[in-house]
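Some notes on the structure that comes next.
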Amino acid sequence: MNTNVYNFDSIKLDKRKSLLAAGELLYPYSYDVLYQINNIILEVEELENTGKPINFLVQIAGRVWSKRKMGKSLFLDIKDDTNKIQLYANKNKLSEQEWNSINLLDLGDIIGIRGEVFRTRKGELSIRISAFEILSKTVVPIPIGKQTGEKTYNQLSDVETKYRERYLHWMLNSKDKEKISLRFKIISEIRNWMISNDFIEVTTPNIEFVYGGAEARPFKTKIWALNNQDAFLRISPELYLKRFIVAGFPKVFTICQNYRNEGIDYSHNPEFTMIEWYEAFTDYNFQMKRFENLISSVCEKVHGTTKITYQGIEIDFTTPWKRLTMIDALKLYINIDANNSDVEVLKLELEKREIEFQENITWGVAVAKLFEETCEENLIQPTFITDHPVEISPLTKIKRGNNRLVERFEPFVCKMEIGNAYSELTDPVVQLERFMQQKEMQAFSDNKRKNYTDNPIDADFIKAIGCGMPPTGGVGIGIDRIVMLLTDTKTIRDIIPFPMVKPKN
RNA sequence: GAUUCAAUAGCUCAGCUGGUAGAGCAUUUGCCUUUUAAGCAAAGGGUCCUGGGUUCGAAUCCCAGUUGAAUCACCA
């Protein structure tokens, strides 16, 4: 057996063999864990505070974190998911087999032990082993660091391992392990909040024949059972969630992966997590309140306060958040009155700032470009940017009183766009027109985008809203970015459990 | 996709203008008499990322590739 690719270590394999030969199970079926290390520490504290003896019996399990042999004594540190504690083994107190086995332990091995709590002469809280069992023998070397005073040796710090071998990284780096737990806690809190507000959780297909609801390059696949018909991974759940609304589910949400075949960087991963919800009979003004309430309440649940620090900047999620129309943002940050400027004036402003654009650019696209390039960087505290140009928002109702704009908002925090929401377009005839315009624009768009698959209009979706869709407010949130903010994390890869890495070889 | 930087022992790293491949930790063996000492001694361990080139001689210089990181581009 060539075990090179698996990193099996021949010495450890030999140890495994001798332990099995000695009758150790090495990979048993279960173990009764009666204490967590933290509980032992708490109990000792309590007993010592009341002046009582601390010699109680415990049974715990964990990984060997350090091993120090001294003649007929052996000291081990083991670590469970709560803490670390020292174990003391003495040759005379154990059977020969137990003593031999314990000497064959490697750092990283998982053991279960029974014994009495005591303090050594130096005062270190320890457990005197009276029985032990190997629960898993490692055959791969675990790079557990060693500390001598200030110095730490041997600590795994290779970034590649960090992302490729997450099990090792989390095992050895409790801060990042904590971060990932927090991610899932945040998602649970979001889900709880939705459910407590009477939304029902639904799912939409991961594999679709027509993709839509966003503009992005999709992942393509083929369906074997249907004559290898082309299919795509979902880029957005929007068009399916709206079918629920049409059908008479007034409050629906989904927490799902979206897949976009685009660049990978500190804030983008090809698959990412979103929550998207739709609520019948509401508009975007109502949804702004939902949004800020959700985020500030989740923040309070996980941090106990609505104020956080992100990369050294204090962020205040306390409601209500600032609201600023895109037009007002341009006025505020670069003093341009876009409302009273025609596209030629805006082109000059773009040129002045060396922002590239296409000759046939429209007023709305110019407004959006100017905003992106000049205003986003100013949006540090939670701010709703509202009322986008209609050209860039094909699924949104026209702004009441201004038919160049739509009723849409994007919340920004720390220059990051963390969501997107609309008064959803519910007129099927207008929706069809917008889709057609969108297709035309795509045909014109730059060749960088050329390799987008030519995607047909989702006719069934048009039919669905043709069957009558109530006025609806809809919101999408990039959960990964929320998690980045709430865990003070700079790159998305740190808070995605298994971020995309190029395969080896 | 572009640019810059990086890859050396299981892990973390050093290795100068090209001249026998190094350290600490981990590992193995020995020592260690019994609530510590995160000890002590010795040993084993290398395709210096891969492939070419220059050279008497390459971990080191050059070219190409692989993988990673940062920045940028793309991601309405």
Side-chain angles (χ1 to χ4, degrees), chain A residues 7-12 14-15 65-77 86-94 103-104 106-108 115-129 138-164 168 172 213-218 235-236 258 260-270 272 356 364-365 367-369 371-372 388-396 408 410 417 420 438 441-442 445-449 451-452 478 490-491 493 501-505:
Chain A
N7 250 309
F8 286 2
D9 180 272
S10 60
I11 294 164
K12 293 188 197 310
D14 288 346
K15 285 184 178 176
W65 220 249
S66 155
K67 183 179 158 193
R68 305 176 291 283
K69 198 186 165 194
M70 286 126 208
K72 290 174 184 167
S73 301
L74 182 84
F75 293 90
L76 297 170
D77 289 345
Q86 174 170 278
L87 309 180
Y88 165 75
N90 186 290
K91 190 176 179 185
N92 299 335
K93 304 264 166 63
L94 294 171
N103 274 288
L104 286 175
D106 288 308
L107 299 194
E116 197 183 50
V117 178
F118 73 104
R119 278 194 191 276
T120 65
R121 261 187 297 191
K122 287 207 165 178
E124 171 108 27
L125 189 63
S126 307
I127 300 168
R128 183 183 290 113
I129 298 178
T138 55
V139 296
V140 173
I142 313 285
I144 291 174
K146 175 178 171 180
Q147 270 182 312
T148 311
E150 306 274 292
K151 249 176 146 181
T152 306
Y153 297 96
N154 201 19
Q155 198 168 50
L156 184 71
S157 74
D158 177 43
V159 211
E160 206 174 328
T161 312
K162 173 175 176 182
Y163 295 120
R164 276 185 198 282
L168 265 184
L172 299 168
E215 194 167 312
R217 184 185 299 120
I235 59 168
S236 152
N258 286 345
R260 295 187 184 175
N261 208 345
E262 310 274 6
I264 303 175
D265 66 22
Y266 73 96
S267 66
H268 295 87
N269 193 64
F272 61 99
E356 285 180 31
V365 176
V367 167
K369 259 200 173 353
F371 169 80
E372 272 168 37
H388 300 54
V390 62
E391 292 99 314
I392 59 165
S393 317
L395 294 150
T396 316
R408 171 178 179 182
E410 289 180 313
E417 176 201 328
N420 191 11
Q438 204 66 16
M441 274 174 62
Q442 257 183 36
S445 78
D446 27 356
N447 41 12
K448 284 170 200 156
R449 293 285 228 23
N451 43 1
Y452 277 26
K490 213 162 66 181
T491 107
R493 291 168 17 114
V501 281
K502 237 190 243 188
K504 283 245 172 194
N505 302 320

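Protein chains get the first letters and strands the later ones, always in sequence-line order, with residue 1 at the start of each.
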Of the nucleotides [options], which one has an atom closest to the side chain of [X]?
X       : options                : value
I11(A)  : U67(B), U28(B), A38(B) : U28(B)
S66(A)  : A70(B), A76(B), A38(B) : A38(B)
E262(A) : A76(B), C74(B), G68(B) : C74(B)
K502(A) : A26(B), G68(B), C74(B) : G68(B)

Using side-chain hydrogen bond (donor to acceptor under 3.5 Å, both in side chains) as the criterion, list what pairs up with [X], not counting sequence neighbours.
X       : value
T161(A) : D158(A)
N90(A)  : Y88(A)
E116(A) : R128(A)

(request) Could you tell me whether the side chain of P270(A) reaches within less than 4.5 Å of the side chain of I264(A), counting heavy atoms only? (result) yes

(request) Measure the distance from NZ on K67(A) to C1' on C25(B) and round it to the nearest whole Å. (result) 15 Å

If you measure from the [atom1] atom in [N] to the same atom in [M], how many Å do you get, rounded?
N      : M      : atom1 : answer
U20(B) : G57(B) : P     : 15 Å
A59(B) : U3(B)  : P     : 28 Å
C32(B) : G51(B) : P     : 48 Å

Once you apply a heavy-atom cut-off of 4.0 Å, does [X] come out as touching a base, just sugar-phosphate, or nothing?
X       : result
E124(A) : base
K15(A)  : sugar-phosphate
N261(A) : nothing

(request) Kindly express the pairing pattern of RNA chain B in dot-bracket notation, using | wherever a base pairs with another strand and counting only Watson-Crick or G-U pairs under 3.5 Å. (result) (((((((..((((.....[..)))).(((((.......))))).....(((((..]....))))))))))))....

With sequence neighbours excluded, what pairs up with [X] under the side chain to side chain contact (heavy atoms under 4.5 Å, CB included) test?
X       : result
V390(A) : I398(A), V406(A), R434(A)
E410(A) : H388(A), R408(A), F412(A), E417(A), N420(A)
T138(A) : K12(A), R63(A), D106(A), D109(A), I142(A)
N261(A) : R217(A), F219(A)

(request) Grab the two heavy atoms, one from L395(A) and one from G213(A), that are nearest each other, plus how far apart they are. (result) CD1-CA, 4.1 Å

(request) Would you kindly compare D106(A) and P141(A) by the position of their nearest RNA chain B nucleotide and give the one closer to the 5′ end? (result) P141(A)

At a cut-off of 3.5 Å, list every protein nitrogen or oxygen paired with a nitrogen or oxygen from nucleotides 30-34 of chain B, distance to 0.1 Å.
unit_1, atom_1, unit_2, atom_2, d
C32(B), O2, G71(A), N, 3.4
C32(B), N3, G71(A), N, 3.1
U33(B), N3, K72(A), NZ, 3.3
U33(B), O4, K72(A), NZ, 3.4
U34(B), O2, N90(A), OD1, 3.2
U34(B), O2, N90(A), ND2, 2.8
U34(B), O2, N92(A), ND2, 3.3
U34(B), N3, N92(A), ND2, 2.4
U34(B), O4, K72(A), NZ, 2.7
U34(B), O4, N92(A), ND2, 3.3

